[in-house]
Amino acid sequence: GCVEIKSGYGLTTDDELKMLRVIRRLKEDTPLRIKSTFLGAHAVGRGFTQADYVDLVINEMIPEVGKEKLADFVDVFCDVGFFTPSETARILEAADKWGMKPKIHADELASSGGVEIGVRYGALSVDHLESMTVEEIDILRGTDTMPTVLPGTSFFLNLPYGKARQMVDSGLAVAVASDYNPGSTPSGDMKFIVSLACIKLRLLPSEALNAATINSAYA
């Protein structure tokens, strides 16, 4: 199997590096294929203004992560109340210099511009999409960016469910993932997630299986 593991619950340089080093150890010590994602821009670290924290991510965290080759991908929580599209763009450009390909938190809480910025910078995936609009489905059409829906987040936080049915009907591939994390989605049970994809996202069982396997592998 394969899993992606993100940092993002430290929000200091030392704590983000510590998590990424643990991921590196897991890569070495387990038979799983593991992909690591630097999510220092998950929220603003305590004691910082947002502008100062973005500068910290760009000028200190990313170079340290890059020097140690700790992350395959970079992620940013581009959403209302978190990081703006322009801040997201700056972080993605800084990470690109170190070979980190983008994956974006987009449209969890609102239609935030995250889908647009992800497509513009060639993100491998845009993840969440609980608040995605029909117009953003059109933005994704014809791109290499995989929309990834996280129905466990909707279940645990009582958020709307993503428009997976509409995306598939419009010709898009869709991935489905657990979003397993201590903050919002405390379940990594993919059987449960695939069930939600059928029951709540209205995917056929074959579509949900594709979303959880080959499409997730792409993402």
Side-chain angles (χ1 to χ4, degrees), residues 1-6 8-9 32 35 37 39 42-43 73 75-83 88 102-119 123-219:
C2 177
V3 296
E4 179 201 0
I5 308 174
K6 301 180 191 283
Y9 276 88
L32 275 171
K35 293 293 184 178
T37 299
L39 180 55
H42 195 194
F73 307 119
D75 194 353
V76 180
F77 194 170
C78 182
D79 214 325
V80 171
F82 291 88
F83 297 96
T88 300
K103 294 167 67 72
I104 304 296
H105 273 55
D107 290 2
E108 178 180 0
L109 306 175
S111 179
S112 59
V115 171
E116 294 92 326
I117 207 77
V119 167
L124 189 59
S125 67
V126 285
D127 310 335
H128 273 290
L129 308 179
E130 290 86 359
S131 299
M132 178 192 226
T133 65
V134 173
E135 290 74 21
E136 286 164 316
I137 294 177
D138 291 333
I139 291 170
L140 283 165
R141 195 178 287 115
T143 74
D144 293 328
T145 299
M146 178 68 71
T148 303
V149 289
L150 309 175
T153 305
S154 300
F155 178 85
F156 283 106
L157 296 183
N158 290 315
L159 294 174
Y161 285 85
K163 293 179 170 60
R165 181 72 268 154
Q166 293 96 315
M167 285 190 272
V168 171
D169 288 345
S170 73
L172 292 178
V174 173
V176 63
S178 68
D179 196 31
Y180 182 27
N181 75 84
S184 62
T185 316
S187 174
D189 184 347
M190 284 302 294
K191 291 179 290 184
F192 173 58
I193 296 304
V194 169
S195 294
L196 284 177
C198 295
I199 297 164
K200 293 295 188 179
L201 300 180
R202 311 307 297 170
L203 296 182
L204 298 173
S206 58
E207 293 168 336
L209 183 64
N210 283 344
T213 55
I214 188 170
N215 294 351
S216 286
Y218 175 91

> What's the shortest heavy-atom distance between P147 and M167, and which atoms?
CB-SD, 3.6 Å

> Given V134 and Q166, is the side-chain contact (heavy atoms from CB on, under 4.5 Å) satisfied, shown in steps?
CA-CA 8 Å; V134 173; Q166 293 96 315; 5.9 Å; no

> If you round to the nearest 0.5 Å, how far is NZ of K6 from NE2 of H105?
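Atom-to-atom, H105:NE2 and K6:NZ are 6.0 Å apart.
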
> Do the side chain of S216 and the main chain of V176 share a donor and acceptor less than 3.5 angstrom apart?
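Yes: the side chain of S216 pairs with the backbone of V176.
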
> Check S187 against S178 and note the closest heavy-atom contact, atom names and distance.
O-CB, 3.9 Å

> State which residues pass salt bridge (charged side-chain N to carboxylate O under 4.0 Å, His left out) with D138; sequence neighbours excluded, sorted by chain then number.
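Listed in chain order: R141.
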
> Restricting to pairs with a member in residues 155-168, which pass salt bridge (Lys or Arg N to Asp or Glu O under 4.0 Å), not counting sequence neighbours?
R165-D169, R165-E207

> Checking the side chain of D75 only, and the main-chain atoms of L39 only, is there a donor and an acceptor separated by less than 3.5 Å?
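No, the answer is negative, given that no donor and acceptor are paired below the 3.5 Å cut-off.
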
> Please collect all salt bridge (Lys or Arg N to Asp or Glu O under 4.0 Å) contacts where either partner lies in residues 178-189, sequence neighbours excluded, each pair once.
none

> For a quick test of reading the model, state the closest non-hydrogen atom pair linking F77 to H42 and the distance between them.
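Minimum heavy-atom contact is CD1-O, 3.3 Å.
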
> Going by the salt bridge (Lys or Arg N to Asp or Glu O under 4.0 Å) test, which pairs reach into residues 104-116, not counting sequence neighbours?
none

> What are the two closest heavy atoms between A197 and A208, and how far apart are they?
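In terms of heavy atoms, the two residues are closest at CB-CB, 4.0 Å.
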
> With a cut-off of 6.0 Å (strictly less than), are more than 12 heavy atoms of other residues, nucleotides or ligands near CG of L32?
yes

> Would you find a donor on one side and an acceptor on the other, under 3.5 Å apart, between the side chain of S154 and the backbone of P160?
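Looks like yes, one N/O pair under 3.5 Å.
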
> Nearest 0.5 Å, what's the OG1-OH distance between T148 and Y218?
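So the OG1 of T148 and the OH of Y218 are separated by 10.5 Å.
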
> Once you round to the nearest 0.5 Å, how far does CG of N215 lie from OG of S125?
11.5 Å

> Quick one: does P151's side chain get under 4.5 Å of I193's, heavy atoms only?
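Sidechains of I193 and P151: in contact.
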
> Show your working on side-chain contact (heavy atoms from CB on, under 4.5 Å) between L140 and V119 and close with a plain yes or no.
CA-CA 7 Å; L140 283 165; V119 167; 3.8 Å; yes

> Supply the atom-to-atom distance L196 CG to L203 CG, rounded to the nearest 0.5 angstrom.
11.0 Å

> Could you tell me the separation between the OG1 atom of T37 and the CG atom of D127, rounded to the nearest 0.5 Å?
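Atom-to-atom, T37:OG1 and D127:CG are 8.5 Å apart.
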
> Please collect all ring pair (Phe, Tyr, Trp, His ring centres under 6.0 Å) contacts where either partner lies in residues 161-206, sequence neighbours excluded, each pair once.
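Listed once each, the pairs are F155-F192.
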
> Quick check: does any side chain N or O of K35 sit under 3.5 Å from a backbone N or O of C2, one acting as donor and the other as acceptor?
no

> Suppose we screen for side chain to side chain donor-acceptor pair (under 3.5 Å). Which residues come up paired with Y9, at least two apart in sequence or across chains?
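Once residues adjacent in sequence are excluded, the partners of Y9 under the side chain to side chain donor-acceptor pair (under 3.5 Å) criterion are N181.
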
> Please confirm whether the backbone N or O of L124 pairs with a side-chain atom of T145, one donor and one acceptor, at under 3.5 Å?
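Judged by distance alone, no pair lies under 3.5 Å.
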
> Taking all non-hydrogen atoms of both residues, which atom of G152 and which atom of T185 are closest, and how far apart?
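What the structure gives for the nearest pair is C-CG2, 3.5 Å.
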
> Which value, rounded to the nearest 0.5 Å, describes the distance between D79 atom CG and H128 atom NE2?
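Result: 8.5 Å between the selected atoms.
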
> Which heavy atom of G114 sits nearest to which heavy atom of V126, and what is that distance?
O-CG1, 4.1 Å

